[in-house]
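Below is one structure; the comments refer to it alone.
When a residue number appears, it is its place in the shown sequence, counting from 1.
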Amino acid sequence: MDQSLNMVKIAYDALDDKLAEDIKIIDIRSISVLADYFIIADGNNKNQVQAMVDNVQEELFKAGYEMKQMEGYREGNWILLYFGDIIIHIFDKENRLFYDLERIWKDGKEVSIEELN
C-alpha cells in the first residue's frame, strides 16, 4: 500500500476515534509539492482538539511514521501536523469556518475514506 494512503487511513481513524467532526481528505498531489494529502477536521473545544492531535500523533508513531513539525498546540484553535506526505489541520469550529481551507484548496480533489479502501 502507498505510504501516504496508509498514513491518511491511520490519521482518519485516530481522528474518528476522538469524535472529530466533518473530516475531509483532500488529494493535493496534482496541484502542490507540499504533500500528497491534506486532512481537515474540527472539534468542539480546545481539549477535544488537543486530544485529537495526541491520538493522531500516537497512532502514526506506533505505525512507524515520524511527525516532522507541529504548530499551534498550545493555543488549540488551529493545530497543524506535518508528516511529510500528509498535512493534518485540526481546528476548533470557529477557526475552521474563518480560514475555510477547503475553499482555498478547492483545486484539490476531495476524496472519501471509502474511496481509499
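Distance check: Asn47 CG to Lys18 NZ gives 12.0 Å after rounding to the nearest 0.5 Å. The CG atom of Asn95 sits 8.5 Å away from atom CH2 of Trp78, with the distance rounded to the nearest 0.5 Å. Note that CD1 of Ile26 is 9.0 Å distant from CH2 of Trp105, once rounded to the nearest 0.5 Å. To the nearest 0.5 angstrom, Ile23 atom CD1 is 8.5 Å from Ile39 atom CD1. Note that CG of Leu60 is 5.5 Å distant from CD1 of Ile10, once rounded to the nearest 0.5 Å. Rounding to the nearest 0.5 Å places CE of Met67 at 11.5 Å from CD1 of Ile86.
Glu102 and Lys24 are not joined by a salt bridge, as no carboxylate oxygen comes within less than 4.0 angstrom of a charged side-chain nitrogen. Glu21 has no carboxylate O lying under 4.0 Å from a charged side-chain N of Arg96, or vice versa, which leaves the two without a salt bridge.
A donor atom on one side chain and an acceptor atom on the other are found under 3.5 Å apart for Asp36 and Ser4. A donor-acceptor pair shorter than 3.5 Å cannot be found between the side chains of Gln48 and Gln50. Side-chain contact check for Tyr65 and Asp85: no donor-acceptor pair (N or O, by modelled atom type) lies under 3.5 Å.
Residues Met70 and Phe61 do not share a hydrophobic cluster, clusters being chains of Ile/Leu/Val/Met/Phe/Trp/Tyr side chains in contact below 4.5 Å. If you chain together hydrophobic residues whose side chains sit under 4.5 Å apart, Leu97 and Ile104 never meet in one group. Leu101 and Ile90 are not part of a single hydrophobic cluster, where members link through side-chain heavy atoms under 4.5 Å apart. Taken together through direct or relayed side-chain contacts under 4.5 Å among Ile, Leu, Val, Met, Phe, Trp and Tyr, Val56 and Leu80 form parts of separate hydrophobic clusters.
Of all heavy-atom pairs between Leu15 and Ala41, the closest is CD1-CB, 4.2 Å. Nearest heavy atom pair, residue Val49 against residue Phe91, reads CG2-O, 3.4 Å. Closest heavy-atom contact between Ile88 and Ala11: CD1-CB, 3.8 Å.
The side-chain heavy atoms of Leu81 and Ile87, taken from C-beta on, include no pair separated by under 4.5 Å. No side-chain heavy atom of Ile25 sits less than 4.5 Å from a side-chain heavy atom of Phe38. The shortest side-chain heavy-atom distance between Asn44 and Asp92 does not fall under the 4.5 Å cut-off. Side-chain atoms of His89 and Tyr99, non-hydrogen and from C-beta on, never get closer than 4.5 Å to each other.
For Arg103, the salt bridge (Lys or Arg N to Asp or Glu O under 4.0 Å) partners at least two apart in sequence or on another chain are Asp100.
Shown here is Glu66, whose CD atom has no more than 12 heavy atoms of other residues, nucleotides or ligands within 6.0 Å. The neighbour count for Glu94 CD, taken as heavy atoms of other residues, nucleotides or ligands under 6.0 Å away, does not exceed 12.
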Using the rule given for side-chain contact (heavy atoms from CB on, under 4.5 Å), can you reason through Leu116 versus Lys9, listing the C-alpha separation, both sets of side-chain angles and the distance that settles it, and then say yes or no? CA-CA 8 Å; Leu116 300 178; Lys9 290 176 185 180; 4.0 Å; yes
Please report the C-alpha distance between Phe83 and Met7 in whole Å, then the side-chain angles of each, then the deciding distance to 0.1 Å, and finally whether the side-chain contact (heavy atoms from CB on, under 4.5 Å) criterion is met. CA-CA 9 Å; Phe83 282 90; Met7 293 170 75; 3.3 Å; yes
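Counting only residues at least two apart or on different chains, no ring pair (Phe, Tyr, Trp, His ring centres under 6.0 Å) pair has a member in residues 41-60. Applying the salt bridge (charged side-chain N to carboxylate O under 4.0 Å, His left out) definition to pairs two or more places apart or across chains, those involving residues 44-64 are Glu58-Lys62, Glu59-Lys62.
Of the possible polar contacts, none joining the Lys109 side chain to the Ile28 backbone as a donor-acceptor pair under 3.5 Å is found.
If you run side-chain hydrogen bond (donor to acceptor under 3.5 Å, both in side chains) between Lys93 and each of Asp42, Asp22, Asn77, only Asp42 comes through.
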